[in-house]
**Q** 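Okay, handing you the structure first.
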Amino acid sequence: MAAVADAAPQDAQDAQGGQSGRQGEGGGSTAPLAPRARLWPSLCAVYRAQLSRARVARIPLLFVATFQSLGIMVLLRGVVDGGAEARAVVAGSSVLVVAFVALNLLAQYFGQLRAGGGLDHYATLPVPAASVVLGAAAAYASFTAPGVVVTAVAGSVLFQLPMGGLWVLVAVIPLAGAALAGLGAALGLLAPRPELATLGGQLGMSAALLLGVLPAGGMPLPIQWARDLLPSTYGVEAFAHTFAAHTDWGVVVLDLGVCAAVGVLSLAVATRAYRWAATR
């Protein structure tokens, strides 16, 4: 009797399992899926994969972005002597390297990924959508750090600006890179054709060039409003303040905080755009 009593719960469980299996075969219910991967391990995996994939192809383009910013500073050296205008030129040219890689190239990458069906591969993986966007954005933004540092040092020497605040680039590069990478990813994912994604990335980089590098003091008021809407503007402003004789660190922290908030917002928009594009 004891053996029968012990076997009864097991028989009931077997019967329950058989019933749920039959329900699954009949279409009434399905077997539970494996749990989705967590955000941080998924993000690290995507980041390493994108970094190794893009290393060979993106390094030459990083040199192009750096030389482009250096050339702009050399051209403006004959027009700008010093003061606030020189600080704006050096800070804007440094962040322009980030715009070229994180905005322009990332828009092209996601546009080609969507057109070639690469999003279908990512959609089948049990990883959060945010990890795909953040991993790719972080990989592209990582290539900008050497070019930004070289441009900032060269610009400081060219315009005779103090270099004591260059350490702020440790915060400016990831925050401006996140904001611009989110915008570039959203442009590439929402564009119906890869050609339009490339066009959007080029226009975004041109906006970063015209609105970020040129001093804002002499711009018309509507252009200044458009400049305030550009995600990288606050990173440029934070970096430019560090060249002053007496740096107002409260303003620097405020600009960096706004840049971080804009970066979170743009990456959230890019994540929504990824979900939309992956289910089309």
**Q** Verify, without hydrogens or angle tests, whether Arg114 (side chain) and Ala191 (backbone) share a donor-acceptor contact under 3.5 angstrom.
**A**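 Checking the backbone N and O of Ala191 against the side chain of Arg114, a donor-acceptor pair under 3.5 Å is found.
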**Q** Rounded to the nearest 0.5 Å, what's the gap from OG1 on Thr198 to CG on Asn104? Could you check?
**A** 8.0 Å
**Q** Going by heavy atoms in the side chains, are Val97 and Phe100 under 4.5 Å from each other?
**A** no
**Q** Are Val258 and Leu256 connected in a single hydrophobic cluster, I mean Ile/Leu/Val/Met/Phe/Trp/Tyr linked by side-chain heavy atoms less than 4.5 Å apart?
**A** no
**Q** List the atom of Gly182, the atom of Leu267, and the distance in Å for their closest heavy-atom pair.
**A** CA-CD2, 3.7 Å
**Q** Start with the C-alpha distance between Trp276 and Leu190, add both sets of side-chain angles, then the distance that settles side-chain contact (heavy atoms from CB on, under 4.5 Å), and finish with yes or no.
**A** CA-CA 8 Å; Trp276 176 83; Leu190 295 176; 3.9 Å; yes
**Q** Would you mind reporting whether Phe243 and Leu166 have side-chain heavy atoms less than 4.5 Å apart?
**A**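 Yes; the side chains approach each other to less than 4.5 Å.
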**Q** Does Phe159 have Arg87 sitting over its ring (NZ/CZ under 6.0 Å from centre, angle to axis within 45°)?
**A**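 No; the conditions do not both hold, so Arg87 does not lie above the ring face of Phe159.
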**Q** Which value, rounded to the nearest 0.5 Å, describes the distance between Ser94 atom OG and Met73 atom CE?
**A** 6.0 Å
**Q** List the atom of Gly188, the atom of Ala197, and the distance in Å for their closest heavy-atom pair.
**A**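 Residues Gly188 and Ala197, closest heavy atoms: CA-CB, 3.8 Å.
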**Q** Are Val90 and Tyr234 in one and the same hydrophobic cluster, where Ile, Leu, Val, Met, Phe, Trp and Tyr link if side-chain heavy atoms are under 4.5 Å apart?
**A** no
**Q** Same cluster for Val149 and Phe63 if Ile/Leu/Val/Met/Phe/Trp/Tyr side chains link at under 4.5 Å?
**A** yes
**Q** Grouping I, L, V, M, F, W and Y whenever their side-chain heavy atoms are under 4.5 Å apart, do Leu210 and Leu199 come out in a common cluster?
**A**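 No, because Leu210 and Leu199 fall into different hydrophobic clusters, even though each may have its own neighbours under 4.5 Å.
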**Q** Strictly by modelled atom types, are Asp228 and Gln224 linked by a side-chain donor-acceptor pair under 3.5 Å?
**A**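 There is no such pair (donor and acceptor under 3.5 Å, judged by atom type) between the side chains of Asp228 and Gln224.
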**Q** Could you tell me whether the side chain of Ser69 and the main chain of Thr151 form a donor-acceptor pair under 3.5 Å?
**A** no
**Q** side-chain contact (heavy atoms from CB on, under 4.5 Å) for Ile72 and Leu209? Distances and angles first, verdict last.
**A** CA-CA 9 Å; Ile72 290 172; Leu209 168 62; 3.2 Å; yes
**Q** How long is the straight-line distance from CE of Met205 back to CG of Leu105, given to the nearest 0.5 Å?
**A** 9.0 Å
**Q** Please name the pair of heavy atoms, one in Ala185 and one in Ala270, separated by the smallest distance, quoted to 0.1 Å.
**A**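 Minimum heavy-atom separation between Ala185 and Ala270: CB-CB, 3.9 Å.
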**Q** Are side-chain heavy atoms of Tyr47 and Leu134 found at a separation under 4.5 Å?
**A**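 No, side chains not in contact.
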**Q** Does a side-chain heavy-atom distance below 4.5 Å link Thr242 with Trp249?
**A**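 Yes, their side chains come closer than 4.5 Å.
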**Q** Do Val153 and Met163 touch side chain to side chain, with heavy atoms closer than 4.5 Å?
**A** yes
**Q** If you take all heavy atoms of Gly165 and Phe239, which pair is closest and at what distance?
**A**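 The pair with the smallest heavy-atom distance is O-CE1, 4.4 Å.
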**Q** Applying side-chain contact (heavy atoms from CB on, under 4.5 Å), run through His241 and Asp248 and close with a yes or a no.
**A** CA-CA 7 Å; His241 284 306; Asp248 189 347; over 6 Å; no
**Q** What I'd like to find out is whether the side chain of Leu103 reaches to under 4.5 Å of the side chain of Leu187, using heavy atoms alone.
**A**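 Side chain of Leu103 against side chain of Leu187, heavy atoms only: contact under 4.5 Å found.
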**Q** Could you report the tightest heavy-atom contact between Cys259 and Ala176, atom names first, then the distance?
**A** SG-N, 3.7 Å
**Q** Could you give me the CA-CA distance, side-chain angles and deciding distance for Val213 and Leu76, then say whether side-chain contact (heavy atoms from CB on, under 4.5 Å) is met?
**A** CA-CA 10 Å; Val213 175; Leu76 292 177; 3.8 Å; yes
**Q** Answer whether the closest heavy-atom distance between the side chains of Val148 and Leu169 falls below 4.5 Å.
**A** yes
**Q** If the condition is salt bridge (charged side-chain N to carboxylate O under 4.0 Å, His left out), which residues does Arg193 pass it with, not counting sequence neighbours?
**A**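 For Arg193 the salt bridge (charged side-chain N to carboxylate O under 4.0 Å, His left out) partners, ignoring immediate neighbours, are Glu195.
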**Q** Can you tell me how far CG of Leu106 sits from CG of Leu113, rounded to the nearest 0.5 angstrom?
**A**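 With rounding to 0.5 Å, CG (Leu113) is 10.0 Å from CG (Leu106).
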**Q** For the residue pair Val269 and Leu183, establish whether any side-chain heavy-atom pair is separated by less than 4.5 Å.
**A**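 Contact flag for Val269/Leu183 side chains = no.
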**Q** Would you confirm whether Ser266, through its side chain, and Ala179, through its main-chain N or O, come within 3.5 Å as a donor-acceptor pair?
**A**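 Checked: pair present.
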**Q** With clusters defined by side-chain heavy atoms of hydrophobic residues (ILVMFWY) lying less than 4.5 Å apart, directly or transitively, does Trp167 cluster with Val236?
**A**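 Same cluster.
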**Q** At their closest point, which heavy atom of Pro231 faces which heavy atom of Leu180, and how far apart are they?
**A**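 Looking at all heavy atoms of both residues, the shortest contact is CB-CD2, 4.4 Å.
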